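Okay, structure first, notes after.
Counting convention: from 1, in listed order, for ligands and their atoms alike. Numbering of residues begins at 1 and proceeds along the displayed sequence. Note that the structure is a prediction, hence the values are computed from the model and not measured.
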Amino acid sequence: MESKPPTLQTLPSDELRAILWRFSERYDLSMLVQSVRAVARGPVARLVANGARNSHEWTDEKNSLLEVFDGSGISAVFLGPEYGGFIEGPKNLAMALVAFELSWVDAGAATFSLAGNLGLAPIHERGTPEQREHYMSLAAPAEGRAPIRAAFALTEPIPFVGVETGLLGGKLRVVSWKDGEEPVLHVDKRGRFITNMGFANVVTAAVDSADERIKGSCLVILEKGDQGIWDRGIPTRKLVHQLSSTRDPVFSLQVPASRIIGGYTVKDGVIIPNYSHGEVIEAVFRRTRVTVGLMTAAKLLSAVEPVIRYQRARFRGGEAGEPGSPRYDLGLQTKQDVLHRLVDVWATGEASAALGFEAARMFDALDPLEKAKDRIFAERKLVGRAAFKALAKLGDEAIEFLNLSREAAPDEAKLAALRDDPLVQFALLDAQANVFCPACKLWNTGYGATMMREAVSLMGGYGVTEDCPGFLGHKWMDAQLEATYEGPEAVQRRQMSLTMTNPVFLALFETWIKDLRATASGRPESGACLLASAMQLWLWTLRHLQTATDANGQKLYQSNRQGVTFPLADALCWLLASRQQILDAINLETSADAHPAVAEELPGVLSFLISLCHVQAARAAGEVSRICADLVFGYNSHPEWTEEACAACYGASELDELEGVIPGIASAARGTGTAHEDSQAHPVKAGPCPDVSALQPFLRLNGKLNSCLTGSRLAKDRAAVALSKVMIPEALDYPQ
Ligand SMILES: Cc1cc2nc3c(=O)[nH]c(=O)nc-3n(C[C@H](O)[C@H](O)[C@H](O)COP(=O)(O)OP(=O)(O)OC[C@H]3O[C@@H](n4cnc5c(N)ncnc54)[C@H](O)[C@@H]3O)c2cc1C
């Protein structure tokens with residue numbers, strides 16, 4: 001008897017998710033997930049259900065969440081055990097999981113936990129040992145003492161800091177500086193949209209020098225209780241994330257110079273901060289933005305169950321459908337379109353979670369390597385230009401390592417030396433992280449917001465009511481904030497347009513294309529081959545645009561041509577997300593034997609996830625093809641039916657004469673649009689067509705990409721059928 005193909009029985013379990021997102025070996029993280037989930041689906045969900053989001057004020061009931069967060073361990077996740085935390089080592093994945101679980105219910109709740117970490121992050125990343133010791137210890141919840149609550153103040157009232165972080169209005173001056181004593185500084189800072197400002201008592205604020213005795217900019221630590229004005233300002237009348245507090249504070253305070261984050265030196269009577277505000281922000285945001293990306297991913301995946309339940313129950317109770325009839329059992333799910341759209345929402349959720357968690361894991365791996373690199377550079381006294389040159393050399397070595405590792409008979413000694421060199425490994429991972437972080441922030445939140453609209457639409461009118469199960473309407477609007485704060489899409493695209501051309505990243509990218517082809521030979525239905533073709537097209541397009549000029553002879557790939565660089569960055573995001581989704585599914589398959597607990601559900605879930613991979617790869621390939629074609633052809637001017645243009649073409653009678661000498665030329669020239677008929681009248685809708693002979697390689701790659709779509713709609717049909725059969729619990733498990 002022929003065996004039936006495995007089908008999706010239930011939604012993926014926690015155990016399976018932990019394998020998929022590769023933390024099944026981390027008991028501490030599994031415990032953390034359970035603890036945060038209880039908070040999210042308990043107190044947080046109850047607040048939302050009771051209408052706490054209807055006000056942007058920071059109310060007592062919202063404030064009560066602070067203690068709940070302290071009690072559940074959420075407040076201490078960011079801290080090392082030496083400061084009262086409970087997670088050893090880097091914590092990017094841990095914080096990503098916290099944000100994911102909270103945002104499954106409400107991203108505002110996730111944001112105020114994140115914003116506290118963001119407030120402390122400048123001290124964590126660049127603080128002096130004394131600053132770190134002092135503030136991190138105070139941030140840990142402890143018996144008999146409330147922990148300090150932090151906020152991060154960069155953004156200022158217009159016309160100052162927004163996307164352009166260099167336009168600082170906040171100022172720093174010397175108030176007094178007695179011989180042999182610590183200078184006393186005056187800080188003037190007005191913030192706009194500062195999260196946690198309803199209750200924060202420590203603020204890390206970006207300021208610029210307004211005094212010739214201070215050089216450049218820096219971040220300073222402000223404390224409630226410092227001499228001067230600590231005005232929390234008016235609450236932001238926001239439409240989103242109402243479970244977090246956002247206000248426009250005003251500070252005019254005196255602080256000792258020891259509050260400059262990272263410390264300072266004094267040269268010729270001038271205070272020189274060790275880190276500019278830009279340097280601190282860069283170190284902070286490159287980690288925290290990953291977490292934001294996961295917030296939107298959680299929303300998409302959280303939408304699946306409520307939408308299925310709504311679809312199934314849509315016609316129950318009516319006269320037309322008796323129990324047992326398709327109308328009763330399946331409701332809206334007898335219609336293919338609603339299933340296909342839900343498949344798209346789910347596939348996007350999987351891809352964005354895959355990308356986000358990979359980025360978080362990447363930073364966990366990068367953190368110790370970065371510390372090793374900093375230590376080695378300090379020992380070798382590599383700073384400024386020397387450090388820059390050393391990094392470039394490391395990049396060369398990283399590429400050499402990649403090349404060697406693909407050789408059939410490599411120089412093993414050399415290969416091992418490069419593999420064991422933390423600096424080379426740092427260069428490899430750093431090049432990836434510099435792309436993955438902005439990519440996951442940009443794509444997960446931006447495209448995620450678009451797909452949340454799709455999820456809301458699947459609930460019909462219910463979707464835009466407060467009663468919508470899963471709070472989907474709130475989540476849709478919230479997603480737009482996630483796309484905006486910590487730098488909106490333009491910031492991420494700008495960063496990617498620089499980092500994605502790093503030769504180390506591009507060398508890696510080429511190896512990924514080859515690896516995907518290999519994956520495809522074992523799992524053709526995953527869409528891996530299709531994705532590899534799309535990646536090849538993107539790479540060709542990037543290289544073409546880096547050297548090509550537009551119709552006016554202007555260089556195409558340059559920083560002020562956002563019309564070129566930004567869409568290419570968008571296209572890359574689609575590829576990275578889809579690739580990670582495929583890699584995770586394949587990894588799930590290969591590591592499953594070690595996890596008997598998921599043996600029963602695995603075959604069905606795996607085959608479903610693989611179908612989602614194919615669906616997403618097809619969507620990604622379509623986007624990449626569209627974007628690349630637009631960029632490759634769109635900057636050439638279209639020929640016109642003018643005397644000058646016609647003069648450059650063959651005339652009809654000319655061609656007839658030439659036909660005698662060069663057989664076939666008449667049809668070839670007419671076929672390529674380089675001929676005109678002698679009448680000189682322009683036939684309606686007949687050319688002249690552009691000459692694309694120089695772009696044949698693109699056309700070939702794009703043609704191949706189209707044929708690689710083979711099977712992608714079958715995958716979607718399979719996934720849709722699975723959605724109509726999967727069992728879901730009787731009721732949503734929140735609010736409780
Ligand atoms: C609820 C909430 C909480 C927040 N929390 C904090 C916080 O805790 N701390 C903090 O410091 N900030 C916070 N922010 C501020 C947030 O980070 C900024 O709003 C965000 O960075 C965008 O800045 P902006 O609003 O000034 O937009 P603008 O800079 O005015 O941007 C407007 C538009 O122009 C585009 N744009 C701007 N410059 C460029 C460019 N060079 N190239 C191309 N396009 C460009 C942008 O992409 C955007 O689409 C918060 C904001 C909100 C709404």
Side-chain angles (χ1 to χ4, degrees), residues 53 55-58 62 106-122 149-170 189-200 202-207 217 219-220 222 232-251 277-278 280-282 284-285 288-289 291-292 295 438 441-442 445-446 449 474 477-498 558-567 569-570:
R53 290 189 52 133
S55 159
H56 51 261
E57 294 290 347
W58 188 246
K62 292 181 194 175
D106 187 87
T111 287
F112 92 70
S113 124
L114 275 186
N117 301 340
L118 183 63
L120 292 171
R149 313 278 183 199
F152 172 80
L154 171 65
T155 311
E156 297 175 347
I158 286 171
F160 299 107
V161 176
V163 166
E164 299 299 346
T165 52
L167 305 168
L168 267 177
K189 174 81 183 180
R190 291 161 63 95
R192 178 168 62 119
F193 307 147
I194 305 306
T195 306
N196 285 6
M197 246 358 276
F199 54 84
V202 169
V203 171
T204 46
V207 284
S217 66
L219 256 83
V220 282
L222 310 177
R232 297 191 181 279
I234 49 162
T236 307
R237 288 158 54 85
K238 58 188 173 178
L239 299 168
V240 292
H241 283 212
Q242 289 94 340
L243 286 198
S244 70
S245 153
T246 315
R247 302 174 81 106
D248 293 358
V250 179
F251 306 108
H277 83 290
V280 181
I281 292 167
E282 195 185 301
V284 168
F285 277 160
T288 54
R289 281 174 177 154
T291 325
V292 179
M295 291 166 65
K441 170 73 165 62
L442 171 61
T445 62
H474 288 312
M477 189 77 167
D478 282 356
Q480 182 52 42
L481 175 60
E482 286 135 40
T484 300
Y485 69 7
E486 292 206 24
E489 284 137 295
V491 174
Q492 317 309 324
R493 291 184 175 116
R494 204 167 47 184
Q495 196 186 340
M496 283 186 74
S497 65
L498 298 173
Q558 50 171 313
S559 64
N560 60 359
R561 285 201 99 150
Q562 296 179 341
V564 177
T565 56
F566 281 18
D570 285 327

*With Arg192, which residues qualify under salt bridge (Lys or Arg N to Asp or Glu O under 4.0 Å), at least two apart?*
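Arg192 satisfies salt bridge (Lys or Arg N to Asp or Glu O under 4.0 Å) with no other residue.
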*Just jot down the salt bridge (Lys or Arg N to Asp or Glu O under 4.0 Å) partners of Arg190, sequence neighbours excluded, or say none.*
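Arg190: no salt bridge (Lys or Arg N to Asp or Glu O under 4.0 Å) contacts found.
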Which atom pairs, nitrogen or oxygen on both sides, join ligand 1 and the protein at under 3.5 angstrom?
residue: ligand 1; atom: 5 (N); partner: Phe193; partner atom: O; Å: 2.7
residue: ligand 1; atom: 5 (N); partner: Thr195; partner atom: OG1; Å: 2.8
residue: ligand 1; atom: 8 (O); partner: Thr195; partner atom: N; Å: 2.9
residue: ligand 1; atom: 8 (O); partner: Thr195; partner atom: OG1; Å: 3.3
residue: ligand 1; atom: 9 (N); partner: Phe152; partner atom: O; Å: 2.8
residue: ligand 1; atom: 11 (O); partner: Leu154; partner atom: N; Å: 2.8
residue: ligand 1; atom: 11 (O); partner: Thr155; partner atom: N; Å: 2.8
residue: ligand 1; atom: 11 (O); partner: Thr155; partner atom: OG1; Å: 3.1
residue: ligand 1; atom: 12 (N); partner: Thr155; partner atom: OG1; Å: 2.6
residue: ligand 1; atom: 14 (N); partner: Phe193; partner atom: O; Å: 3.2
residue: ligand 1; atom: 26 (O); partner: Arg192; partner atom: NH2; Å: 2.6
residue: ligand 1; atom: 29 (O); partner: Val163; partner atom: N; Å: 3.0
residue: ligand 1; atom: 41 (N); partner: Glu164; partner atom: OE2; Å: 2.5
residue: ligand 1; atom: 41 (N); partner: Arg494; partner atom: NH1; Å: 3.3
residue: ligand 1; atom: 42 (N); partner: Gln562; partner atom: NE2; Å: 3.2

*asked:* Could you check whether any side-chain N or O of Lys238 sits under 3.5 Å from a backbone N or O of Phe193, counting only pairs where one atom can act as donor and the other as acceptor?
replied: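 No: the side chain of Lys238 does not pair with the backbone of Phe193.
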*asked:* Using a 3.5 Å distance criterion without hydrogens, assess whether the side chain of Gln492 forms a donor-acceptor pair with backbone atoms of Gly487.
replied: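 Checked: pair present.
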*Ignoring hydrogens and angles, state whether a donor on the side chain of Thr195 or Tyr485 is under 3.5 Å from an acceptor on the partner side chain.*
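Thr195 vs Tyr485: no donor-acceptor pair found between side chains.
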_Checking Pro122 now: which residues fulfil side-chain contact (heavy atoms from CB on, under 4.5 Å) with it, not counting sequence neighbours?_
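side-chain contact (heavy atoms from CB on, under 4.5 Å) list for Pro122, sorted by chain: Phe152, Thr204, Leu219, Ile261, Val280, Val284.
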